[in-house]
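Structure record follows, encoded as structure tokens.
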Amino acid sequence: MHVVIINGSPRTKKYSNTDKIIQAFGKGMIQSGATYELYSLSDRKEWEDAREAFYTHTRILIALPLYVECIPGLLLEFLETLHKKEENGTEISFILQSGFAEGCQLRCGEEFLKMLPGQLNCRYGGCLVKGDNFGIRIADDNQLEQILTPYEKMGELYGACGTFEFAEAKKFTGPEKFAFPIRILLAFLFKTVAKKKFIEAAKAWGCTQPLDDRPYAE
Amino acid sequence: MEKNILIINTIPNGEIFTKLKELLNGTQNNMDWVDASVFNISHCIGCNYCWLKNPGVCTIKDDYEILLKKMVHSDAMWVISETSFGFLSHPAKNIFDRIMPLVTMYLHFQDGEMRHVMRYQNKLDIGIIYSGEGNQEYLERWCKRTAINFGSQSLGVFSEDSIKEAVSCM
């Protein structure tokens, strides 16, 4: 099985969380005997080849970060340049990832992805949905491995069957909402450990203002 | 107190924008009309600098800053958009994607879901007017969800044909 993977993240490849997810997922796919080619839409020079690959191949996987409840504007712009495929033999699957952790945060975006393939005369091959990935950007190697290894396993399973219509993919999302006691604990962590971590990350990036600064208040 | 209403057009032909102006002519003096279809507005590049490097400021130096400054002082924002795949077209989606400087990196729970803590105190309600074949049901769902992210409310989603209803919700 050969898969065309399109990274729909607008973030440049070097810093793309989605690219790190794709690399782990691709490693798993290869273990199951599948092959893939990858195009990153953050580099507009790859758009022409990505379009060509979309028209030539029948198994497409679009990986993307959730941007304001749906797909990023850049990915939408790319999709607007495609025309419908002539034959209905292509299947498009998706990896949808986000910063917010709960599954319910990604469902509106997922709904759009369910409708999208039909508009390009393709079939929908399912969507691997998971949040809690903001940390990839600021994680150390151990944390990164913890986040990405499950994607490798998913890649192996996808590589074997070519869709996300397997039980492990459904479970992969995790909780739709956190239970009340967990929310209390997380809310405490947001105000303490997470806040400190964000401030440290900001300092490391050269930030000199408070993170809740209001530059346009006046 | 009268609400400050920001109306942003993203459709190059400007027909809905003009029609809306005619319908509202003289009825309200708190409206800020911006034709962003002639602006140079990039997509969001997801750099997170507006959260972690220059809080509240977008690192992309284009015409979007004009909109951002207006959003901070508005109570409602209406975006006029073409449609793609039943959804907004990319120029309008870019306007929403670039809104991230209005929220901070900090997190809290609101109505049982994680949210970013808002940077400013104003509540920016959101309305959509679209041309073309929009998926009304999906657009309404999306608009409601989007408003929740900004601690505000959806004012509704209206097709070009129901523009008078949109006016009644302003």
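We name chains A, B, ... by the order of the sequence lines, and we start the count at 1 in each one.
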Considering residues, nucleotides and ligands other than A/Glu176, do more than 12 of their heavy atoms fall under 6.0 Å from its CD? yes
Gap separating the NE2 atom of B/His43 from the CG atom of A/Leu75, nearest 0.5 angstrom: 11.0 Å
Would you please indicate if the ring centroids of B/Tyr49 and A/Trp205 are separated by under 6.0 Å? yes
Tell me, yes or no, whether the heavy-atom count around B/Lys61 atom NZ, taken from other residues, nucleotides or ligands under 6.0 Å, exceeds 12. yes
Using only heavy-atom distances, determine whether the side chains of A/Glu69 and B/Asn149 contain a donor-acceptor pair under 3.5 Å. yes
Given that the side chain runs from C-beta out, which part of B/Ser42 has a heavy atom under 4.5 Å from chain A: side chain, backbone, both or neither? neither
Test item: A/Cys207 and B/Pro55 side chains (from C-beta on) under 4.5 Å apart, heavy atoms: yes
Which atom names give the shortest non-hydrogen contact between A/Gly73 and B/Asp97, and what distance separates them? N-OD2, 2.7 Å
Neighbours of chain B found in residues 183-193 of chain A - heavy atoms under 4.5 Å: A/Arg183, A/Leu186, A/Ala187, A/Phe190
What part of B/Asn135 lies closer than 4.5 angstrom to a heavy atom of chain A: side chain, backbone, both or neither? side chain
More than 12 heavy atoms from other groups under 6.0 Å of CD on B/Glu133: no
Give, as side chain, backbone, both or neither, the part of A/Gln209 having an atom under 4.5 angstrom from any heavy atom of chain B. both
Distance col, row B/Phe87:CZ vs A/Glu111:CD, nearest 0.5 angstrom, shows 12.5 Å
Is the number of heavy atoms from other residues, nucleotides or ligands under 6.0 Å of A/Asp140 CG greater than 12? yes
Testing the basics here: between A/Leu211 and B/Leu52, what is the closest heavy-atom pair and its distance to 0.1 Å? CD1-CD2, 4.2 Å
Region of B/Leu88 in contact with chain A, defined by heavy-atom distances below 4.5 Å: backbone
Can you tell me which portion of A/Ala101 sits under 4.5 Å from chain B's heavy atoms? Options are side chain, backbone, both or neither. both
Answer yes or no: are there more than 12 heavy-atom neighbours, outside B/Gln153 itself, under 6.0 Å from its atom CD? no
Heavy-atom cut-off 4.5 Å, strictly under: side chain, backbone, both or neither for B/Cys47 against chain A? backbone
Side chain of A/Lys195, backbone of B/Tyr106: donor and acceptor closer than 3.5 Å? no
Intermediate values then yes/no, side chain to side chain contact (heavy atoms under 4.5 Å, CB included), A/Met115 and B/Phe85: CA-CA 8 Å; A/Met115 298 184 290; B/Phe85 308 105; over 6 Å; no
Can you find a pair of side-chain heavy atoms, one from A/Phe134 and one from B/Asn48, that are under 4.5 Å apart? yes
In terms of heavy-atom contacts, A/Val68 and B/Trp142 come closest through O-NE1, 2.9 Å
Nearest 0.5 Å, what's the OG-CG distance between B/Ser84 and A/Leu79? 9.0 Å
Enclosure of A/Lys85 NZ (heavy-atom neighbours >12, cutoff 6.0 Å): yes
So for A/Ile199, is it side chain, backbone, both, or neither that comes closer than 4.5 Å to the heavy atoms of chain B? side chain
Please name the pair of heavy atoms, one in A/Tyr67 and one in B/Ile45, separated by the smallest distance, quoted to 0.1 Å. OH-C, 4.0 Å
When only heavy atoms count and the cut-off is under 4.5 Å, which of residues 111-121 of chain B reach chain A? B/Asp111, B/Gly112, B/Glu113, B/Met114, B/Arg115, B/His116, B/Arg119, B/Tyr120, B/Gln121
Which atoms of A/Pro210 approach chain B - backbone, side chain, both or neither, heavy atom under 4.5 Å: backbone
In terms of heavy-atom pairs under 4.5 Å with chain B, the winner among A/Gly131, A/Ala217, A/Pro65, A/Ala201 is A/Ala217
If you count heavy atoms of other groups shown closer than 6.0 angstrom to CZ of B/Phe39, is the number above 12? yes
When every non-hydrogen atom of B/Tyr138 is compared with those of A/Phe112, the smallest separation belongs to OH-CB, 3.3 Å
Donor + acceptor pair across side chains of A/Glu80, B/His90 (<3.5 Å): yes
Show the nearest heavy-atom pair for residues A/Cys104 and B/Arg145, with the distance to one decimal. O-NH2, 4.0 Å
Find the one option among A/Arg214, A/Gln119, A/Arg11 whose heavy-atom pairs under 4.5 Å with chain B are most numerous. A/Arg214
Region of B/Val57 that comes under 4.5 Å of a non-hydrogen atom in chain A: both
